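Beneath this line is the structure, given in structure tokens, with notes to follow.
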Amino acid sequence: MASLNSDLIYEVLAVVDEIPKGKVATYGQIARLIGRDKNSRLVGKVLSISEYYGKYPCHRVVNHQGRLAPHWNEQKDLLIAEGVTFKSNGCVNLKLHQWDC
DNA sequence: AGACTGACGATCC
DNA sequence: GGGATCGCCAGTC
């Protein structure tokens, strides 16, 4: 079981749940919103266990490169289903779909 | 307590 | 613009 701080998990998932459909946010963006801009890696770790805590649109979270989770294969398909476009190299068009907060 | 790891970010080349 | 390297903070061993 993932033993991370409940507060951190709650904050991250709360922000992730606020991401509008068809938009994507970076880990750093979320980390900054919860007051932990340097802890972007923790955000990813929280998302890795998010499914254990509940249903959240964690597929709308990508890194600042527009790259998807390295240990996930459905994420790209889920985003495409929401209308998010990808570049030839498989990266998300952050320029078009990055969540403007 | 100490060292290694990581769903990242920024900078450098 | 893309790839490689260093740096951050917390978590896990």
Side-chain angles (χ1 to χ4, degrees):
Chain A
M1 118 181 221
S3 313
L4 284 171
N5 274 344
S6 307
D7 295 318
L8 186 64
I9 296 170
Y10 181 82
E11 294 175 87
V12 172
L13 295 181
V15 174
V16 172
D17 193 51
E18 292 299 306
I19 302 174
K21 181 175 177 294
K23 291 274 189 170
V24 296
T26 67
Y27 297 97
Q29 181 93 43
I30 296 171
R32 184 176 301 191
L33 290 173
I34 65 176
R36 285 166 173 71
D37 63 311
K38 299 297 196 305
N39 296 37
S40 47
R41 305 153 103 120
L42 273 300
V43 177
K45 200 172 292 188
V46 171
L47 288 177
S48 68
I49 65 175
S50 63
E51 54 185 338
Y52 178 83
Y53 284 78
K55 304 291 186 293
Y56 289 90
C58 42
H59 59 273
R60 293 178 190 154
V61 185
V62 299
N63 63 17
H64 83 291
Q65 263 181 139
R67 201 70 170 127
L68 305 180
H71 301 298
W72 200 1
N73 53 73
E74 300 182 71
Q75 189 171 15
K76 183 178 179 181
D77 194 61
L78 290 170
L79 290 171
I80 292 174
E82 294 191 345
V84 177
T85 57
F86 284 74
K87 296 196 289 185
S88 304
N89 59 346
C91 292
V92 181
N93 271 329
L94 292 175
K95 193 172 183 174
L96 298 176
H97 302 290
Q98 185 168 35
W99 183 31
D100 51 286
C101 188

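None of these values were measured; they are calculated from a predicted model. So you know, we letter chains A, B, ... as the sequences are listed, proteins then strands, and number each from 1.
- Separating the OG1 atom in A/Thr26 from the CZ atom in A/Arg60 is a distance of 15.5 Å, to the nearest 0.5 Å.
- Following rounding to the nearest Å, A/Ile34 (CD1) and C/dA10 (P) show an atom-to-atom distance of 11 Å.
- Atoms OH (A/Tyr56) and C1' (B/dA7) sit 18 Å apart, rounded to a whole Å.
- Side-chain proximity of A/Tyr27 to C/dG2, B/dC8, C/dG11: nearest is B/dC8.
- Proximity of a side-chain donor or acceptor of A/His97 to a complementary backbone N or O of A/Thr85 within less than 3.5 Å is detected.
- Proximity of A/Phe86 to A/Leu79: side-chain heavy atoms (C-beta onward) are separated by under 4.5 Å at one or more points.
- Distance CD (A/Gln29) to C1' (B/dA10): 15 Å, rounded to an integer number of Å.
- In this structure, A/Asn5 reaches the C/dG11 phosphate: one of its side-chain N or O atoms is under 4.0 Å from OP1 or OP2.
- Distances from the side chain of A/Ala69 to the nucleotides B/dA7, C/dG2, B/dG9 place B/dA7 closest.
- One can place CG of A/Leu8 at 15 Å from C1' of C/dT12, the figure rounded to the nearest angstrom.
- As a whole-Å value, the separation of A/Gln65 CD from C/dA4 P is 10 Å.
- Look at CG on A/Leu4: it is 13 Å from C1' on B/dA7, rounded to the nearest Å.
- When atom types are taken as modelled, the side chain of A/Glu11 and the backbone of A/Ile30 share no donor-acceptor pair closer than 3.5 angstrom.
- Proximity of residues 90-101 of chain A to DNA chain C (heavy atom under 4.0 angstrom from any strand atom) is not detected for any residue.
- Side-chain N or O atoms of A/Asn63 include one that pairs as donor or acceptor with a backbone N or O of A/Gln65 at under 3.5 Å.
- As a whole-Å value, the separation of A/Ile19 CD1 from B/dA7 C1' is 13 Å.
- Shown for residues 35-45 of chain A: residues whose heavy atoms fall under 4.0 angstrom of DNA chain C, namely A/Lys38, A/Asn39, A/Arg41, A/Leu42, A/Lys45.
- One distance of note links CG of A/Leu47 with NE2 of A/His59; it measures 11.5 Å at 0.5 Å rounding.
- Looking only at distances, a side-chain donor or acceptor of A/Gln75 sits under 3.5 Å from a matching main-chain atom of A/Ala69.
- Contact annotation for A/His64: base contact, defined as any heavy-atom pair under 4.0 Å involving a base atom.
- Here the P atom of nucleotide B/dA7 and the CD atom of A/Gln75 are 13 Å apart, to the nearest Å.
- Under the side chain to side chain contact (heavy atoms under 4.5 Å, CB included) test applied with A/Ile34, the options A/Val15, A/Asn39, A/Val46, A/Leu42 reduce to a single match, A/Val15.
- Between the NE2 atom in A/His64 and the CD atom in A/Gln98 there is a gap of 10.5 Å [rounded to 0.5 Å].
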